[in-house]
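Quick notes on the structure that follows.
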Amino acid sequence: MYDLQDFLLPVNTHALSDDNGYNNGQLGKHIVSFENESPDIINADIVLIGVGETRGGGPFEQKNVEAADAIRKQLYQLNYWHPEVKIADIGNVSLGSSINDSYAAIKTVLAEVLQKNKTAVLFGGSHDVTLAQYGAYREMQKVIEATCIDATIDLSSESAVRSENFLLEMLTGEPNMVKHYNHIGFQSYLVNPQMLETMDKLRFDCYRVGKAKENMEEMEPVIRNTHLLSFDISAIKNSDAPANDISPNGFTGEEACMLTRYAGLSNNLSSFGIYGYQPQKDVNDLTAKQIAQMLWYFIDGKNRSKMEASLDELNHFNEYHSVFAEVETVFLQSRKTNRWWMQLPDKKMIACSYNDYLCASRNEIPERWLRAQERN
């Protein structure tokens with residue numbers, strides 16, 4: 001066990017509130033923050049971790065310690081609606097002299113939080129910090145399902161920029177702990193079609209931004225099955241997140257909040273990172289406010305997830321038996337949250353949607369079921 005205080009810098013809550021403090025209705029009054037000594041996270045449901053490592057974002061990027069605090073400042077001002085969800089903010093991870101040193105510190109802090117069965121939220125670094133996020137699971141030898149929400153797919157072997165190629169190491173490095181990978185929100189004109197062919201051959205699932213926007217509810221089961229979620233703000237259209245200068249198109253701010261609420265609802269998800277925010281490119285702090293509101297909806301989802309029953313508590317579920325293509329299966333619908341699960345031939349239950357049930361009832365094989373079978 002490590003002393004986390006050796007890897008962390010405290011939060012200056014007085015500076016965040018401009019010395020005015022917070023009233024009882026604001027999150028800043030209720031988040032237990034690392035100011036003088038590292039907070040005990042034993043009672044926390046969510047642990048906030050600020051990250052300042054942005055050198056992987058490009059040759060001209062420097063360490064940017066302001067990003068996490070800019071997001072934190074907006075988050076603390078939001079209203080406190082979920083007293084059942086306990087939140088601890090353990091400060092910002094100390095930056096190393098090299099990117100790899102920072103990765104090692106982030107990995108160490110995150111592994112300690114995960115081993116205490118807490119949900120970790122990282123924010124402020126460039127998108128390659130996902131590699132350190134994944135490194136914590138690899139160190140724990142925990143096999144996971146991972147999901148990135150991003151306008152691009154960061155598999156560019158030609159690029160020397162870490163945030164544009166980190167997925168190569170994450171998905172092909174040994175030992176590999178990623179049993180499945182999903183990518184949500186890619187924009188076709190920003191992605192080489194051969195890259196998508198490679199992803200498909202690996203049985204990874206990629207959802208174009210237009211496809212996701214057509215029916216956002218279909219993304220909920222994808223995120224529900226996920227253990228590690230990484231969100232690059234480039235997935236949000238520039239008008240809703242001005243610090244994103246990659247594309248004028250993408251998810252709206254409301255859709256981004258919907259996706260992070262789905263993440264909070266997931267009882268599988270144990271770490272969630274929001275990356276790519278550069279305060280110097282922001283306009284009127286709108287992107288920081290957007291990210292803060294995404295985190296608020298994550299907390300909202302976590303609050304609702306506490307209502308969900310365990311799948312073995314069958315009295316809390318409607319059970320439907322279905323046959324498609326001579327395959328017998330079972331669908332479960334939660335009476336508490338209205339979410340759906342379906343059974344695979346090995347009796348394992350996976351998250352699905354109402355559309356999957358309708359598909360099966362028409363004697364058609366749900367694509368989600370088929371893809372899961374192909375990976376088994």
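A donor-acceptor pair shorter than 3.5 Å cannot be found between the side chains of Tyr275 and Ser163. No side-chain N or O of Asp205 forms a donor-acceptor pair with one of His183 less than 3.5 Å apart. In summary, the side chains of Ser126 and Asp128 do present a donor paired with an acceptor at a separation below 3.5 Å, with no hydrogens or angles considered. Side chains of Lys302 and Thr119: a donor on one and an acceptor on the other come within 3.5 Å. Neither side chain, Tyr297 nor Glu254, offers a donor N or O lying under 3.5 Å from an acceptor on the other. Side-chain contact check for Gln333 and Asn338: at least one donor-acceptor pair (N or O, by modelled atom type) lies under 3.5 Å. In this structure, a donor-acceptor pair under 3.5 Å is present between the side chains of His127 and Asp154.
Judged by distance alone, the side chain of Asn363 and the main-chain N or O of Ala325 form a donor-acceptor pair under 3.5 Å. With Asp356 contributing its side chain and Ser353 its backbone, the two residues share a donor-acceptor pair below 3.5 Å. Panel note: side chain Thr226, backbone Ala146; no donor-acceptor pair is recorded below 3.5 Å. Between the side chain of Asp240 and the main chain of Gly253, a donor-acceptor pair closer than 3.5 Å is present. Under a 3.5 Å cut-off, the side chain of Asp300 and the backbone N or O of Asn303 do not form any donor-acceptor pair. Under a 3.5 Å cut-off, the side chain of Asn176 and the backbone N or O of Met170 do form a donor-acceptor pair. Remark: the backbone N or O of Ala288 is paired with a side-chain donor or acceptor of Asp282 at under 3.5 angstrom. Of the possible polar contacts, one joining the Ser102 side chain to the Gly96 backbone as a donor-acceptor pair under 3.5 Å is found. Side-chain atoms of Thr54 do not come within 3.5 Å of backbone N or O of Gly57 as any donor-acceptor pair. Looking at Glu255, its side chain does come within 3.5 Å of a backbone N or O of Thr252 through a donor-acceptor pair.
Summarising the geometry, atom CG belonging to Leu110 is positioned 8.0 Å from atom CE belonging to Met140; distances are rounded to the nearest 0.5 Å. Atom CD of Glu319 and atom CG of Leu314 lie 6.0 Å apart (nearest 0.5 Å). Once rounded to the nearest 0.5 Å, the distance linking CD1 of Ile87 with CG of Asn43 reads 13.5 Å. From Thr172, atom OG1 reaches atom CG of Leu167 across 9.5 Å, with rounding to the nearest 0.5 Å.
The ring pair (Phe, Tyr, Trp, His ring centres under 6.0 Å) with Phe331 is formed by just one residue from the set Trp341, Phe317, Tyr357; it is Tyr357. When each of Leu78, Asn79, Val85 is checked for a side chain to side chain contact (heavy atoms under 4.5 Å, CB included) with Trp81, only Asn79 meets the rule.
A salt bridge is defined here as a Lys NZ or Arg NE, NH1 or NH2 lying under 4.0 Å from an Asp or Glu carboxylate O, and Glu220 with Arg339 meets this definition. Taking 4.0 Å as the cut-off between side-chain N and carboxylate O, Glu218 and Arg368 count as a salt-bridged pair. A salt bridge links Asp69 and Arg72; the closest N-O separation between the charged side-chain nitrogens and carboxylate oxygens is under 4.0 Å. Checked for salt-bridge contact, Arg371 and Asp200 meet the test: a charged N lies under 4.0 Å from a carboxylate O. Taking a cutoff of 4.0 Å between a charged side-chain nitrogen and a carboxylate oxygen, Asp45 and Lys306 qualify as a salt bridge. Comment: Arg162 does not engage Glu164 in a salt bridge, judged by the lack of any side-chain N to carboxylate O separation of less than 4.0 angstrom.
The environment of NZ in Lys336 is crowded: more than 12 heavy-atom neighbours from other residues, nucleotides or ligands sit within 6.0 Å. For Glu313, the CD atom sits in a packed shell: over 12 heavy atoms of surrounding residues, nucleotides or ligands are nearer than 6.0 Å. The environment of Glu364 atom CD is dense: over 12 non-hydrogen atoms of other residues, nucleotides or ligands sit within 6.0 angstrom. Within a 6.0 Å radius of OH in Tyr137, other residues, nucleotides and ligands contribute more than 12 heavy atoms. Annotation: Gln141, atom CD; neighbour count of heavy atoms from other residues, nucleotides and ligands within 6.0 Å does not exceed 12. Residue Asn284 places its CG atom among 12 or fewer non-hydrogen atoms of other residues, nucleotides or ligands, all under 6.0 Å distant.
Ring centers of Tyr320 and Trp340: under 6.0 Å apart, within the cut-off.
Residue pairs meeting the ring pair (Phe, Tyr, Trp, His ring centres under 6.0 Å) criterion with at least one partner in residues 184-241, sequence neighbours excluded, are Tyr181-Phe204.
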